[in-house]
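Proteins come first, then strands; the chains are lettered A, B, ... in the order of their sequence lines, and each starts at number 1.
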Amino acid sequence: MKKFVNNVDNMLTESLSGFEKAHSDLVLLHLEPNYLTRKTKAENKVAVISGGGAGHEPLHAGFIGKGMLDAACPGQVFTSPTPDQMMAAAEAVDTGKGVLFIAKNYAGDVMNFEMAGEILSIKNATVLTSDDCAVINSTFTDGRRGVAGTVIVEKCVGSYAEAGADLATCKVLGDKINAQTASIGVAFTSCTVPAAGKPTFKISETEIEMGVGIHGEPGRKRETMREADAIIKDIVDAILTDLADKAKSAEVLLLVNGLGATPLMELYLIYNIAEKLLQEQGITIIRSLVGNYTTAIDMSGASITVCILDDEIKKHWDSPVHTAALRWGV
Amino acid sequence: MKKFVNNVDNMLTESLSGFEKAHSDLVLLHLEPNYLTRKTKAENKVAVISGGGAGHEPLHAGFIGKGMLDAACPGQVFTSPTPDQMMAAAEAVDTGKGVLFIAKNYAGDVMNFEMAGEILSIKNATVLTSDDCAVINSTFTDGRRGVAGTVIVEKCVGSYAEAGADLATCKVLGDKINAQTASIGVAFTSCTVPAAGKPTFKISETEIEMGVGIHGEPGRKRETMREADAIIKDIVDAILTDLADKAKSAEVLLLVNGLGATPLMELYLIYNIAEKLLQEQGITIIRSLVGNYTTAIDMSGASITVCILDDEIKKHWDSPVHTAALRWGV
Amino acid sequence: MSLQTKLICSAASAIHAAIITHKPDIEPLDQAIGDGDHYINVLRGAEVIDSMADELLSLGADEALNKIAMKLLSTVGGAAGPLYAGFFMGMAKTIKHNGGNSHLDIAAAFAAGVQELIKRGKGKIGEKTMLDVLLPAAYTFIFSAIENKTTAEIRDDINAAADKGLESTRDLVATRGRAAGLGERSIGHLDAGAKSCQVMIKAVCDLALKIK
Amino acid sequence: MSLQTKLICSAASAIHAAIITHKPDIEPLDQAIGDGDHYINVLRGAEVIDSMADELLSLGADEALNKIAMKLLSTVGGAAGPLYAGFFMGMAKTIKHNGGNSHLDIAAAFAAGVQELIKRGKGKIGEKTMLDVLLPAAYTFIFSAIENKTTAEIRDDINAAADKGLESTRDLVATRGRAAGLGERSIGHLDAGAKSCQVMIKAVCDLALKIK
Ligand SMILES: Nc1ncnc2c1ncn2[C@@H]1O[C@H](COP(=O)(O)OP(=O)(O)O)[C@@H](O)[C@H]1O
Ligand SMILES: Nc1ncnc2c1ncn2[C@@H]1O[C@H](COP(=O)(O)OP(=O)(O)O)[C@@H](O)[C@H]1O
Ligand SMILES: [Mg+2]
Ligand SMILES: [Mg+2]
Ligand SMILES: [Mg+2]
Ligand SMILES: [Mg+2]
């Protein structure tokens with residue numbers, strides 16, 4: 001494993017310090033427990049807090065700022081943060097209007113956020129994202145995983161909170177977006193968790209991991225490498241099957257997300273293919289995002305997310321945002 | 001080689017089409033010869049055109065838009081574009097106030113831009129960027145290479161042109177910024193040129209390529225892998241040696257640039273180290289940029305760029321920009 | 001035998017040592033069907049409880065267990081953090097109520113810990129998680145204690161149950177935790193959380209035998 | 001022998017075939033000390049001139065050479081594009097002026113091509129570039145033609161000069177082109193552009209021999 005690292009144990013803190021310095025106009029870092037907040041505390045609004053294991057950067061700290069998150073709690077690489085982090089963050093950013101947690105649906109994240117929510121004396125609610133339709137849903141399991149669609153939920157709910165919506169309404173919007181968003185990822189290589197020092201899984205030059213998660217969890221199927229048209233068609237088909245009637249003649253946001261090591265040149269090539277496929281199905285892409293927004297450390301691969309838009313979601317997607325990783329309208 | 005590709009020969013065009021579709025509010029793609037322009041032609045200003053081989057995305061097309069480039073000419077992967085592209089682009093975006101070309105200093109790019117400039121009937125000038133101080137300068141050679149510092153030149157010159165500066169003045173600013181900007185890159189892995197299908201160079205788990213270019217050209221030295229503090233110290237030292245007196249008590253812009261496959265978490269860790277080292281030398285970082293801005297396809301590695309700021313450069317760095325890859329103030 | 005804070009601290013050391021020894025057995029499992037961090041997560045927890053002796057020794061056993069729970073909660077993270085924390089909270093509650101002065105008392109506390117862990121994780125047996133080791137171990141402990149077996153016999157019974165439970169995870173389809181995403185592909189691998197629990201149980205049983 | 005458009009077209013085909021045959025010899029060189037695209041760049045150029053016969057055959061040799069130059073300029077890109085284009089423009093100018101009806105005429109045109117290429121690239125001999133093959137080849141061609149050697153003799157002379165020039169690049173430090181960034185590390189490798197020129201020269205010489 002070759003990484004820019006001094007000591008694996010300090011990697012997260014050193015990186016967070018660099019993040020704080022590079023964006024000193026935007027964020028403040030708090031250590032022990034670790035959390036980041038906006039540089040200037042917002043007033044009189046629902047506070048939106050997200051968090052999760054590190055290794056998915058810019059998720060979540062890259063989305064702190066006006067129009068999006070008030071705070072983020074980074075865990076160790078691929079490990080949920082702990083309740084004391086969420087509680088400290090909540091106490092720091094609450095304005096009296098309550099706290100909305102946004103967490104990705106993984107057993108660890110769910111339990112840690114849940115405990116924070118239970119112990120916290122500030123009124124709070126949680127939106128769990130579960131856009132990964134590669135994992136078949138079932139009431140007997142932990143259900144679908146949250147992946148890149150989380151960015152859309154954080155952006156729009158952040159905007160809604162900024163506009164003055166109350167806690168319950170913010171949660172309703174978050175749940176709604178999550179319900180009409182579907183994603184699938186595909187990996188060409190494994191990622192390497194720094195503390196483990198070697199790739200999580202082995203994969204040959206002729207194989208791909210279809211339906212991979214954002215933690216190097218193997219996907220649902222090891223498949224044969226093939227041309228981009230064929231790979232993307234399978235992904236788009238599965239997403240549309242999942243969205244079913246909701247996607248009929250819909251206007252959508254298409255997010256092509258790099259998992260870490262895939263060049264922009266390829267992400268735009270994927271966009272080109274996905275756009276054509278969606279259009280053939282009578283679906284209109286009216287918003288787009290292409291880049292590394294929800295990564296799996298250094299994994300080579302990409303995911304596609306389709307979010308069904310309506311006027312409300314569109315408005316909150318378009319509203320001004322000023323964060324390290326998303327910035328427009330300001 | 002596993003890449004998202006249908007046919008290597010069409011890869012560039014398919015990717016450019018995806019780029020145009022994903023940013024249809026910003027850019028227009030023209031094919032045969034290939035160039036991209038702003039969606040809406042600017043009026044009454046010097047037109048700023050850049051270009052170079054593909055594989056460095058978001059450079060250059062990602063910087064087309066208000067406050068930065070008017071057009072960009074992408075060549076094949078790592079291959080300079082051809083004069084007909086620059087000429088067609090110039091004819092499309094000239095407003096009568098002339099065209100400023102920004103090219104990176106490589107024999108191929110220099111010759112192709114030079115020929116375009118010679119044949120073109122529109123008045124034009126060229127800024128050659130050569131910020132890579134890993135390569136020792138000499139009047140008997142092609143001189144230093146242009147690398148990530150190019151982004152700073154394109155941003156500031158773009159802003160100056162937008163503000164109404166004439167052709168000669170724009171060139172002066174570009175040359176000035178280039179003269180006070182220095183960069184060095186380091187690679188952990190090679191990149192893979194799609195048409196070649198295999199990594200350009202071999203490198204072991206215990207080696208790094210110090211002073212690597214952005215094309216997978218090997219650097220000046222194959223060194224032993226070591227902790228991030230040590231690697232970054234060598235880079236910062238070399239940059240400061242190059243900038244010499246200019247860096248004394250200076251205010252600077254620090255750009256930590258990913259070469260393609262290095263996670264943001266590591267880039268921020270690098271930022272943290274570089275910031276400390278510069279501060280120890282009495283240098284103040286007043287502007288920063290961290291991310292993948294000048295890539296070498298899928299190379300794992302990073303470069304550091306230090307640009308000495310003055311009020312003029314600072315003003316043009318801060319001014320509004322609205323492109324696919326840089327956006328602020330609008 | 002009785003569960004005193006000193007014993008808890010010794011157990012923490014034993015667990016810490018055992019986790020390090022068994023790194024090669026634990027680490028690959030979460031890499032194969034999870035996200036590769038389970039060994040690191042458990043180690044982080046083991047390290048921290050092993051370092052707490054100074055602040056624990058003056059406390060009663062139930063207070064010590066609660067303190068450990070809180071520390072794990074704010075240190076481990078991931079799925080394991082709240083689950084382990086739940087386990088120690090459950091134990092603490094029962095120890096406080098019943099004391100820990102017999103095999104049966106300790107067995108009841110262990111079972112209560114597992115009970116609390118189940119509440120937190122909403123899991124059950126057969127889902128290819130640590131519960132496939134913890135539940136059989138807890139039942140066995142209680143039954144063997146009721147039968148008034150010796151410490152050595154109880155240890156053998158618990159170890160056998162833990163081994164069998166661990167082995168049972170091999171052919172299960174994961175339906176809970178990160179491995180659930182793999183569906184059928186999770187078959188053929190042991191569960192990492194089950195393995196680390198088996199290692200920790202064995203370490204504590206061996207210690208108990210040495211002590212009395 | 002005389003340089004007619006038909007011969008130019010045959011030469012284009014011969015070059016195209018030779019480049020493909022020698023892919024394994026050319027490709028690794030730019031990967032070792034350049035950016036790995038030289039083979040692809042040359043192939044793109046060879047393909048396009050080989051496909052131009054229809055539009056060229058009705059033209060005079062100088063017009064055909066100019067058309068080829070323009071096509072290469074807008075097709076090859078990189079360093080090789082303008083350099084090759086310069087070469088063909090230089091040739092065209094001299095052919096137009098002198099005609100191409102003798103070995104000496106053709107040798108002069110070749111030298112003029114190299115001259116133009118030098119102007120474009122600001123290079124000289126000894127910098128570890130294609131000039132280390134082209135310049136000796138051009139001198140040799142002229143000297144052998146002045147001595148009124150046969151086509152076969154001239155071919156052997158040029159090939160020997162090209163081979164020697166290519167081999168000379170091995171021990172040179174690159175000071176021009178992308179490999180210049182490597183400094184001393186470029187020693188021990190042949191230059192890719194020199195190799196492809198040697199291959200092309202050999203192909204055209206062999207063709208010339210077959211024709212007359
Ligand atoms: N809901 C649950 N109930 C019981 N055990 C669980 C549950 N979810 C996960 N586990 C256990 O946790 C282990 C994974 O722990 P760890 O790798 O530390 O956390 P994460 O899955 O967040 O990366 C699994 O191997 C499994 O045994
Ligand atoms: N200034 C120059 N004069 C002559 N030949 C040059 C010059 N610069 C580069 N070359 C030649 O061009 C070759 C590289 O061509 P190519 O790989 O196609 O372009 P690039 O270097 O732009 O990738 C080198 O091997 C060298 O022989
Ligand atoms: Mg984890
Ligand atoms: Mg090139
Ligand atoms: Mg895990
Ligand atoms: Mg090359």
Side-chain angles (χ1 to χ4, degrees), chain A residues 8-9 32-33 52-53 55 73 75-85 87-88 106-116 119 132 134-136 138 140-145 190-202 211-222 296, chain C residues 23 26-45 47-48 69-86 89 117 119-124 126-130 173-186 189 193:
Chain A
V8 172
D9 292 337
E32 297 185 27
C73 305
Q76 293 296 321
V77 172
F78 291 173
T79 300
S80 165
T82 55
D84 52 323
Q85 296 175 256
M87 290 168 63
Y106 297 95
D109 295 83
V110 172
M111 288 187 276
N112 282 285
F113 272 91
E114 209 170 70
M115 292 188 89
I119 310 173
D132 188 350
V135 176
I136 287 156
S138 154
F140 301 109
T141 70
D142 294 331
R144 287 161 46 148
R145 305 177 288 212
S190 171
C191 50
T192 296
V193 175
K198 62 183 188 62
T200 303
F201 60 81
K202 286 208 177 75
V212 78
I214 54 172
H215 303 87
E217 319 96 306
R220 263 205 106 71
K221 256 201 241 149
R222 183 65 60 101
Chain C
K23 175 176 178 179
I26 301 169
E27 192 164 43
L29 301 178
D30 196 40
Q31 287 176 337
I33 55 171
D35 62 349
D37 62 350
H38 183 64
Y39 170 74
I40 309 153
N41 292 343
V42 175
L43 179 67
R44 197 163 49 244
E47 260 169 20
V48 78
M70 282 305 138
K71 195 62 154 201
L72 288 173
L73 190 61
S74 67
T75 310
V76 178
L83 293 173
Y84 294 155
M89 282 186 226
L117 188 156
K119 253 198 225 157
R120 198 33 76 195
K122 302 188 179 70
K124 60 177 193 298
E127 296 179 324
K128 200 175 184 111
T129 69
M130 54 176 80
V173 177
T175 52
R176 183 122 356 238
R178 242 179 251 286
L182 273 79
E184 305 281 321
R185 286 180 73 194
S186 62
H189 301 271

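The residue among A:G55, A:A296, A:S80 with the most heavy atom pairs within less than 4.5 Å of chain C is A:S80. Ranked by heavy-atom pairs under 4.5 Å with chain A, the first of C:G181, C:G183, C:A80 is C:G181. Between chain A and the residues C:G36, C:G177, C:A179, C:G81, the most heavy-atom pairs under 4.5 angstrom are made by C:G177. Note on C:H38, C:K122, C:R44, C:M70: by heavy-atom pairs under 4.5 Å with chain A, the leading option is C:R44. If you tally non-hydrogen atom pairs under 4.5 Å between each of A:G216, A:P83, A:A107 and chain C, the highest count goes to A:P83.
Only the side chain of C:R185 comes within contact range of chain A, judged by heavy atoms closer than 4.5 Å. Contact of A:V212 with chain C is not made at all, since no heavy-atom distance falls under 4.5 Å. No part of C:S186 comes within reach of chain A, as not one of its non-hydrogen atoms sits under 4.5 angstrom from that chain. The contact between A:Y106 and chain C is made entirely by side chain atoms (from C-beta outward), counting heavy-atom distances below 4.5 Å. Of the two parts of A:K221, only the backbone, made up of N, CA, C and O, holds a non-hydrogen atom closer than 4.5 Å to a non-hydrogen atom of chain C.
Rounding to the nearest 0.5 Å gives a distance of 8.0 Å between CG of C:L117 and CE of A:M111. Residue A:N112 holds its CG atom at 9.0 Å from CG of C:L83, rounded to the nearest 0.5 Å. A distance of 4.5 Å separates CG in C:L73 from CE in A:M115, rounded to the nearest 0.5 Å. Residue A:I214 holds its CD1 atom at 10.0 Å from CG of C:D35, rounded to the nearest 0.5 Å. Remark: A:D84 CG to C:K71 NZ distance equals 9.5 Å, nearest 0.5 Å. Between the CG atom of C:D37 and the CZ atom of A:F78 there is a distance of 8.5 Å, given to the nearest 0.5 Å.
Contact between A:V193 and C:I40 at its shortest, heavy atoms only, is CG1-CD1, 4.4 Å. Nearest approach of A:A196 to C:E27, heavy atoms of both residues: CA-OE2, 3.9 Å.
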